[in-house]
Number of protein chains: 2
Amino acid sequence: MSDLLERLRGRGWRLTAQRRVVAEVLDGDHVHYTADEVHAKATERLPEISRATVYNTLGELVSLGEVLEVSTDGRAKRYDPNAHHDHQHLVCSRCGTIRDVHLDSDPLAALPVPERFGFQVSEVSVTYRGICPNCHSHS
Amino acid sequence: MSDLLERLRGRGWRLTAQRRVVAEVLDGDHVHYTADEVHAKATERLPEISRATVYNTLGELVSLGEVLEVSTDGRAKRYDPNAHHDHQHLVCSRCGTIRDVHLDSDPLAALPVPERFGFQVSEVSVTYRGICPNCHSHS
DNA sequence: TCTTGACTTAGACAATGTCCAATGTAGGAT
DNA sequence: ATCCTACATTGGACATTGTCTAAGTCAAGA
């Protein structure tokens, strides 16, 4: 993730302790925290970081295309640092955990042109829901 | 939609003016209101209806499988009365309007079994995003 | 028509997210 | 090394969306 910080600095991002901490928290694969979870974890390393800054920074990372915003339920959005690998999500309807998954075929191809109603379609997201093995064995 | 009311009454639903009004508001195709929009429209016909009742009734309709809950952005959930026809959604990233669309192929087939990680997948939702013709011409 | 349990209500509360004015600071300029 | 200043951060008020509860109301069966 440190190359991320380099890349952003090259784009004129001012590098602050707060931004570095947020980026560090998001580091890793299969990480899907809510904004407040990111804030809680960031607070462990930088106790005075404010909620507003975390929201701002996450929003910037999303605009810059470095992080994906995932709204799986109607609850809090989750942030996915794995933005450079095309993937979709598999969500457990019981416990809410998320897995990244990779598809066989481009879901955009499944939408016939007449069904696009003149929209310039630029993005597709596919969410699979089901019960994860862990919840299933405990039921 | 009046057959809906009949069906629900058969399932032990007590038929009240409030529930009738909510169902009437949801009547129609390509209707995707938020809960508060439903409340506003319901208020036109039944001024004293409360927000809590609208939320309750929508929740019941969803549990009964008569209405779909759609969370397209991280904002308010929208309610889709077209629950009995399999379909997906196309959302305008600018103005937020939603169209129902129908796919060529089953999106479940695009997820290879090894990518299911032992989940019992029961549901798929596909959301396409883009700029609608109206927003595009006004840009 | 009476009765009763289900329904509705108003408003407090909770969770998530946004905004703003005051303050602080990264990094280029000197 | 220090100074400047535009950009970043802060805290707290506010907004939006949704949930809960206690008290009152009513649909529909007896």
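Chain identifiers are assigned alphabetically (A, B, ...) following the order of the sequence lines, protein sequences preceding nucleic acid strands; residue numbering begins at 1 within each chain.
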K.L.:
Roughly, in whole Å, what's the span from NE2 in A:His39 to P in C:dA15?
P.N.:
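Rounded to whole Å, this separation is 16 Å.
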K.L.:
Would B:Arg116 and B:Leu111 satisfy side-chain contact (heavy atoms from CB on, under 4.5 Å), going step by step from the backbone distance to the final call?
P.N.:
CA-CA 7 Å; B:Arg116 297 185 191 187; B:Leu111 184 65; 3.7 Å; yes
K.L.:
Between atom OH in B:Tyr79 and atom C1' in D:dG18, what is the gap in whole Å?
P.N.:
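Rounding to the nearest Å, OH of B:Tyr79 and C1' of D:dG18 are 9 Å apart.
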K.L.:
From the set C:dG17, D:dT17, D:dT10, return the single nucleotide nearest to any side-chain atom of B:Ala76.
P.N.:
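From the listed options, D:dT17 comes nearest.
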K.L.:
Please write out the pairs of protein N or O atoms and N or O atoms of nucleotides 19-23 of chain C separated by less than 3.5 Å, giving the distance to one decimal.
P.N.:
none

K.L.:
Using a heavy-atom cut-off of under 4.0 Å over every strand shown, decide if B:Arg75 touches base, sugar-phosphate, or nothing.
P.N.:
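Contact class for B:Arg75: sugar-phosphate only.
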K.L.:
Students often mix this up, so state it plainly: with edges at 30° and 60°, are the rings of B:His89 and B:His32 parallel, tilted or perpendicular?
P.N.:
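B:His89 and B:His32: perpendicular rings.
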K.L.:
Given A:Glu69 and A:Arg78, is the side-chain contact (heavy atoms from CB on, under 4.5 Å) satisfied, shown in steps?
P.N.:
CA-CA 6 Å; A:Glu69 205 172 57; A:Arg78 293 179 175 274; over 6 Å; no
K.L.:
With a 4.5 Å cut-off on side-chain heavy atoms, are B:Val54 and B:Ile49 touching?
P.N.:
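Answer yes - side chains close enough.
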K.L.:
Nearest-Å distance, CG (B:Leu5) to P (D:dA28)?
P.N.:
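Computing the B:Leu5:CG to D:dA28:P distance gives 11 Å.
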K.L.:
Of all the nucleotides listed (D:dA8, C:dC7, D:dT17), which has the minimum atom distance to the side chain of B:Tyr55?
P.N.:
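Closest of the options to the side chain of B:Tyr55: D:dT17.
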K.L.:
Counting only side-chain heavy atoms from C-beta out, which of C:dG5, D:dT17, D:dA13 sits nearest to B:Arg14?
P.N.:
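Nearest nucleotide to the side chain: C:dG5.
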K.L.:
When we call it a touch if two heavy atoms are under 4.0 Å apart, what does A:Thr16 touch: a base, just sugar-phosphate, or nothing?
P.N.:
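If one applies the 4.0 Å heavy-atom cut-off, A:Thr16 turns out to touch the sugar-phosphate alone, with no base involved.
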K.L.:
Under the side-chain contact (heavy atoms from CB on, under 4.5 Å) rule, what do B:Thr53 and B:Arg51 come out as? Steps first, then yes or no, please.
P.N.:
CA-CA 5 Å; B:Thr53 295; B:Arg51 230 163 52 92; over 6 Å; no
K.L.:
Please determine whether side-chain contact (heavy atoms from CB on, under 4.5 Å) holds for the pair B:Asp80 and B:Asp100, giving the CA-CA distance in whole Å, both sets of side-chain angles, and the decisive distance to 0.1 Å.
P.N.:
CA-CA 9 Å; B:Asp80 183 340; B:Asp100 289 354; 3.5 Å; yes
K.L.:
Looking only at the side chain of A:Ile49 (C-beta and beyond, no hydrogens), which of the listed nucleotides D:dT10, C:dC7, D:dA28 gets closest?
P.N.:
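So the nucleotide nearest the side chain must be D:dT10.
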K.L.:
Would you say the side chain of B:His87 lies within less than 4.5 Å of the side chain of B:Leu68, judging by non-hydrogen atoms?
P.N.:
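A side-chain contact under 4.5 Å exists here.
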K.L.:
Assign each of A:Arg78 and B:Val54 to its nearest nucleotide of DNA chain C by heavy atoms, then name whichever residue's nucleotide is nearer the 5' end.
P.N.:
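Taking each residue's closest nucleotide, the earlier one in sequence belongs to B:Val54.
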K.L.:
Can you check whether B:Leu103 reaches B:Tyr128 side chain to side chain, under 4.5 Å on heavy atoms?
P.N.:
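The answer is yes; the side chains approach within 4.5 Å.
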K.L.:
Taking NZ from B:Lys77 and P from C:dA15, how many angstroms apart are they, rounded to a whole number?
P.N.:
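The answer, rounded to whole Å, is 15 Å.
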K.L.:
Would one find a side-chain N or O of A:Ser50 under 4.0 angstrom from OP1 or OP2 of D:dT9?
P.N.:
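For D:dT9, OP1/OP2 do not have a side-chain N/O of A:Ser50 under 4.0 Å.
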K.L.:
If you find the nucleotide of DNA chain D closest to A:Thr57 and the one closest to B:Thr34, which residue's nucleotide is nearer the 5' end?
P.N.:
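It is A:Thr57 whose nearest nucleotide is closer to the 5' end.
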K.L.:
Tell me the interatomic distance from B:Leu46, atom CG, to C:dC7, atom P, rounded to whole angstroms.
P.N.:
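Interatomic distance, CG of B:Leu46 to P of C:dC7: 17 Å.
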K.L.:
Look at the side chain of A:Gln18 and decide which nucleotide, out of D:dT10, D:dA8, C:dT8, has an atom nearest to it.
P.N.:
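That would be D:dT10.
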K.L.:
If I take atom CH2 in residue B:Trp13 and atom C1' in nucleotide D:dC26, what distance separates them, rounded to the nearest angstrom?
P.N.:
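From B:Trp13 CH2 to D:dC26 C1': 16 Å.
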K.L.:
What is the distance, to the nearest angstrom, from the CZ atom on A:Arg19 to the C1' atom on C:dA26?
P.N.:
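To the nearest whole Å, that distance equals 10 Å.
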K.L.:
Distance check needed: C:dT9 P versus B:Arg51 CZ, whole Å only.
P.N.:
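Computing the B:Arg51:CZ to C:dT9:P distance gives 13 Å.
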